[in-house]
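Accompanying notes for the structure given below.
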Protein chains: 2
Amino acid sequence: MQRMTRQRAAVVEVLADSEEFRTAQELHDMVRGQGHSVGLATVYRTMQAMVSAGEVDVLRNAEGEAMYRRCERTEHHHHLLCRDCGRTEEIDAALVEQWAESVGRAHRFSNIEHTAELFGTCADCAADEDS
Amino acid sequence: MQRMTRQRAAVVEVLADSEEFRTAQELHDMVRGQGHSVGLATVYRTMQAMVSAGEVDVLRNAEGEAMYRRCERTEHHHHLLCRDCGRTEEIDAALVEQWAESVGRAHRFSNIEHTAELFGTCADCAADEDS
DNA sequence: CGTCGCGTTGACAACCATTCTCACCTTAGT
DNA sequence: ACTAAGGTGAGAATGGTTGTCAACGCGACG
């Protein structure tokens, strides 16, 4: 049974308000910034639960830290992140899915999974750099 | 200046003999298993150097640990890993490169980088599971 | 409403990959 | 060989993440 606790509600709310991928530590800070008191371990536990429930996406940044984000669409999709401001665009890429499948088949691998993320500099940040 | 030391040679050799992606710790064990004495920190340092020299590929496994591998081709490419035996196939995917570029352009992101790895069960391991 | 069972929590320790420190060692150029 | 500068190792430090366990609080049920 999954209970709705004060802490979980606080974490979910912060996550819902955030457009971008956040580390567990950032979420923790944000929750505390809103006056709630929530333990770091609880943030991690909540994220694990939501990830395995498919309600949240995880990805690892270049340093290997886990980052979480509540996505609009629940189906499988990919992301395009701005490496400066963290802005995130969701991308569905039937092309990549097909590619993964066909490459797997060509090498006689079964049960194919894949990761694919894009990183770049968004138009706004590129403009800022010029100035 | 880059010097060739006993330790570095040992690490490079082990890496050359290995077809699969290995964590720094695994490489360390393998080197010591061959009778050489090399510090773990040195393995990490050597890997960093080789990665930034483009001689070695890194990727992060699901747990976020860095894994290293010496690849045949030096150009940018992707991998298909067997999640059971670790076997690795190199894949060049012009398709994915184009996809990354065009998606980036469509969202007006510049300086696009991407990650894309495939995981599956190879034919041999699939056969083993049946038995 | 009150009780009770069990999922949940939090403070803190434990873990573990990775990096840093720093005194000592080795390579490479001459 | 001589020496400067890069390289090394043991261990400590770092930092993200997970485990521990007693105390807590949802919510089902009466």
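Sequence lines set the chain letters: A, B, ... in the order given, protein chains first and strands last, and positions in each chain run from 1.
If you check the side chains of B/Thr121 and B/Arg83, you find a donor sitting under 3.5 Å from an acceptor.
Rounded to whole Å, atom C1' of C/dT18 lies 12 Å from atom CD of A/Glu65. Between B/Tyr44 atom OH and C/dT18 atom C1' the separation is 5 Å, expressed in whole Å. B/Arg8 has its CZ atom 12 Å from the P atom of C/dT27, to the nearest Å. Remark: P of D/dA4 and CZ of B/Arg3 are 12 Å apart, rounded to the nearest angstrom. In this structure, CZ of B/Arg45 is placed 14 Å from P of C/dC22, rounded to the nearest angstrom. C/dC25 atom P lies 13 Å from atom CD of B/Gln7, rounded to whole Å. For A/Glu63 and D/dG15, the CD to P distance is 13 Å, given to the nearest whole Å. Going from atom OH of A/Tyr68 over to atom P of D/dG16 covers 12 Å, rounded to whole Å.
Comparing B/Gln2 and A/Leu40, the nucleotide of DNA chain D nearest to each residue sits closer to the 5' end for B/Gln2. Nearest-nucleotide assignment on DNA chain C puts the 5′-proximal partner with B/Gln48, out of B/Arg6 and B/Gln48.
Residue A/Thr5 places at least one side-chain N or O under 4.0 Å from the OP1 or OP2 atom of C/dT9.
The aromatic rings of B/His78 and A/Trp99 lie perpendicular to each other, with more than 60° between the two planes, well past the 30° mark.
Follow the hydrophobic side-chain contacts under 4.5 Å out from B/Tyr68 and you reach B/Val12 in the same cluster.
Among the heavy atoms of the strands lying under 4.0 Å from B/Ser37 are primed sugar atoms or P, OP1, OP2 only; no base atom is included.
Taking the side chain as every heavy atom from C-beta outward, B/Asp124 and B/Arg87 approach each other to under 4.5 Å.
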